K.L.:
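Let me begin by handing over the structure; questions about it come next.
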Amino acid sequence: MCGFPPVHQVHGVAGCTTQAGGSLFPGQDDLPTKSQLRRQIRQQRRGLSSEALYHAAAALASHLVRLNHFRRARHIGLYWPMQGEISPLPVMQHPIAGNKHFYLPVLAGHFARSLRFAPFHPHTDLRSNRFHIPEPQVPPGCQRSVRELDLLILPLVAFDAEGYRLGMGGGFYDRSLAHLPHRRSWRRPRLVGVGHAFQEVPRLPREPWDIPLGIVCTEKGCYRIGS
Ligand SMILES: Nc1nc2c(c(=O)[nH]1)N(C=O)[C@@H](CNc1ccc(C(=O)N[C@@H](CCC(=O)O)C(=O)O)cc1)CN2
Ligand SMILES: Nc1ncnc2c1ncn2[C@@H]1O[C@H](COP(=O)(O)OP(=O)(O)OP(=O)(O)O)[C@@H](O)[C@H]1O
């Protein structure tokens, strides 16, 4: 799908060599820890130029808008990119975005550590949350829960070919999505993880609460997990 290399092709992870030059992936028993991966990939991401980020975001949008799930969705959760994350926002400028509603995540309570989704359009007032990420300023009654979205585009720090996602470590998305596997028929939201192609790693450590992504898209294309 969308011209992405086969799922099991392992891309080079430029940041994944030790200072001594050895690989961090010599064998399954020697996987880097989640915090090692976060540190390395976030550092690499922060080093991207604004020109590289611009081109990556434009290429990502061109792939996302071709997805059937995107074309069919009316309510779509995006995120405001930070620290070199690939931006999903250019999809809002595409002609097929005209009849869609977009949302950004809002941190729900200091202790709850989960997410709600607030309507977002180019004129929405934004205010930074405690992580310095802009959030729409709207009354709580206007916010939606994740289950009211048709499609959720998730940021990630790393992903693997089986759709496992490593995030920033707050557990915000996992906690917000935790109800989904318990539903008899989970049809929405569809989960699309997005990142730079270099954020793919051979295998992520798995946790019981991880919810695999259905589709991953990068600036190189989209691929469906498990096909
Ligand atoms: N763009 C974007 N928005 C997002 C996320 C994300 O990954 N990307 N999130 C994904 O869940 C949620 C926010 N989660 C976050 C978790 C940790 C940090 C972070 O910067 N942690 C710092 C320490 C910050 C501090 O405590 O002051 C760090 O780890 O260095 C940021 C966002 C919701 N919004
Ligand atoms: N469904 C859940 N219920 C309760 N706690 C959870 C749940 N999911 C994750 N957590 C907690 O959140 C913490 C961070 O989880 P993890 O390292 O998987 O975050 P992450 O996926 O990288 O972050 P994020 O989703 O915010 O991008 C874990 O220590 C875990 O205890």
Side-chain angles (χ1 to χ4, degrees), residues 1-2 4 7 34 41 57 60-61 63-82 85-92 96-97 100-108 113-120 133 143-197 199-201 203-227:
M1 198 180 113
C2 302
F4 202 85
V7 169
K34 296 203 318 185
I41 296 178
L60 176 70
H63 304 306
L64 286 172
V65 298
R66 286 167 52 204
L67 287 176
N68 279 334
H69 291 325
F70 185 89
R71 302 186 87 88
R72 283 198 220 110
R74 273 180 62 74
H75 298 278
I76 301 177
L78 301 174
Y79 62 89
W80 187 278
M82 58 163 189
E85 286 176 332
I86 198 164
S87 176
L89 301 182
V91 294
M92 295 175 70
I96 67 162
K100 300 188 190 294
H101 302 273
F102 294 98
Y103 302 80
L104 290 181
V106 173
L107 304 184
R113 295 181 80 85
S114 65
L115 301 172
R116 295 201 34 98
F117 289 83
F120 172 61
I133 305 171
Q143 298 171 2
R144 292 189 168 229
S145 89
V146 70
R147 68 186 79 189
E148 296 174 274
L149 301 176
D150 301 313
L151 179 70
L152 178 60
I153 294 182
L154 295 88
L156 49 80
V157 175
F159 66 98
D160 70 18
E162 288 174 66
Y164 283 86
R165 164 185 176 273
L166 179 71
M168 291 292 286
F172 286 94
Y173 279 97
D174 288 324
R175 231 179 261 104
S176 308
L177 296 169
H179 64 283
L180 289 177
H182 304 295
R183 296 170 90 188
R184 224 177 309 142
S185 65
W186 163 20
R187 293 192 62 77
R188 66 178 204 162
R190 302 285 182 174
L191 305 182
V192 177
V194 299
H196 302 282
Q199 293 173 247
E200 182 174 1
V201 299
R203 193 172 195 278
L204 282 172
R206 308 218 164 148
E207 311 281 8
W209 55 81
D210 284 336
I211 299 168
L213 303 164
I215 296 177
V216 175
C217 297
T218 73
E219 76 281 10
K220 299 204 170 150
C222 294
Y223 67 99
R224 201 178 289 272
I225 307 300
S227 63

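Remember, it's a predicted structure, so these values are computed and weren't measured experimentally.
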K.L.:
Would you sort out whether His69 and Arg224 count as a side chain to side chain contact (heavy atoms under 4.5 Å, CB included), showing the intermediate values?
P.N.:
CA-CA 11 Å; His69 291 325; Arg224 201 178 289 272; 3.7 Å; yes
K.L.:
Do Ser114 and Phe172 have side chains that get closer than 4.5 Å, going by heavy atoms?
P.N.:
no
K.L.:
Rounded to the nearest 0.5 Å, how far does CZ of Arg113 lie from CZ of Arg175?
P.N.:
6.0 Å
K.L.:
To the nearest 0.5 Å, what is the distance between CE on Met82 and CE on Met168?
P.N.:
3.5 Å
K.L.:
Would you confirm whether His63, through its side chain, and Glu219, through its main-chain N or O, come within 3.5 Å as a donor-acceptor pair?
P.N.:
yes
K.L.:
Got a second to check how far Arg190's CZ is from Leu149's CG, nearest 0.5 Å?
P.N.:
13.5 Å
K.L.:
How long is the gap from CG on Leu115 to OG on Ser145, to the nearest 0.5 Å?
P.N.:
11.0 Å
K.L.:
Could you tell me which non-hydrogen atom of Leu60 sits nearest to which non-hydrogen atom of Thr218, and how far apart they are?
P.N.:
CD1-O, 3.7 Å
K.L.:
Testing Phe102, Tyr79, Trp80 for side chain to side chain contact (heavy atoms under 4.5 Å, CB included) with Pro88, which one passes?
P.N.:
Tyr79
K.L.:
With sequence neighbours excluded, what pairs up with Ala61 under the side-chain contact (heavy atoms from CB on, under 4.5 Å) test?
P.N.:
Pro90, Val91
K.L.:
Taking Arg71 for the side chain and Val65 for the main chain, is one N or O donor matched with an acceptor at less than 3.5 Å?
P.N.:
yes
K.L.:
Do Arg165 and Leu191 make a side-chain contact, defined as non-hydrogen atoms from C-beta onward lying under 4.5 Å apart?
P.N.:
no
K.L.:
Take Val106 and Phe120 through the test side chain to side chain contact (heavy atoms under 4.5 Å, CB included) and record every step on the way to the result.
P.N.:
CA-CA 11 Å; Val106 173; Phe120 172 61; over 6 Å; no
K.L.:
Using 0.5 Å steps for rounding, measure from the CG atom of Leu177 to the CH2 atom of Trp209.
P.N.:
14.5 Å
K.L.:
Ser87 and Ala57: which non-hydrogen atoms are nearest, and at how many Å?
P.N.:
O-CB, 3.6 Å
K.L.:
What pair of heavy atoms forms the shortest contact from Ala73 to Lys100, and how long is it?
P.N.:
O-NZ, 2.7 Å
K.L.:
Would you give the length of the straight line joining atom CG of Leu107 to atom CD1 of Ile133, rounded to the nearest 0.5 angstrom?
P.N.:
7.0 Å
K.L.:
Return a table of donor-acceptor pairs under 3.5 angstrom between the side chains of residues 151-161 and protein atoms on other chains or two or more places apart.
P.N.:
from	atom 1	to	atom 2	distance (Å)
Asp160	OD1	Glu162	N	3.0
Asp160	OD1	Gly163	N	3.3
Asp160	OD1	Tyr164	N	3.1
Asp160	OD2	Leu204	N	2.9
Asp160	OD2	Arg206	NH2	2.9

K.L.:
Check this for me, if you would: do Asp150 and Arg188 make a salt bridge, where the nitrogen-to-carboxylate-oxygen distance has to be below 4.0 angstrom?
P.N.:
yes
K.L.:
For the residue pair His75 and Tyr103, categorise the inter-ring angle as parallel (less than 30°), tilted (30 to 60°) or perpendicular (more than 60°).
P.N.:
tilted
K.L.:
Using the side chain to side chain contact (heavy atoms under 4.5 Å, CB included) definition, which of the options Ile96, Val192, Ile215 pairs with Phe70?
P.N.:
Ile96
K.L.:
Determine, step by step, whether His179 and Val146 satisfy the side chain to side chain contact (heavy atoms under 4.5 Å, CB included) criterion, reporting the C-alpha distance in whole Å, the side-chain angles of both residues, the deciding distance to 0.1 Å, and the verdict.
P.N.:
CA-CA 10 Å; His179 64 283; Val146 70; 3.6 Å; yes
K.L.:
Just by modelled atom types, is the Glu207 backbone N or O under 3.5 Å from a matching donor or acceptor in the Asp210 side chain?
P.N.:
yes
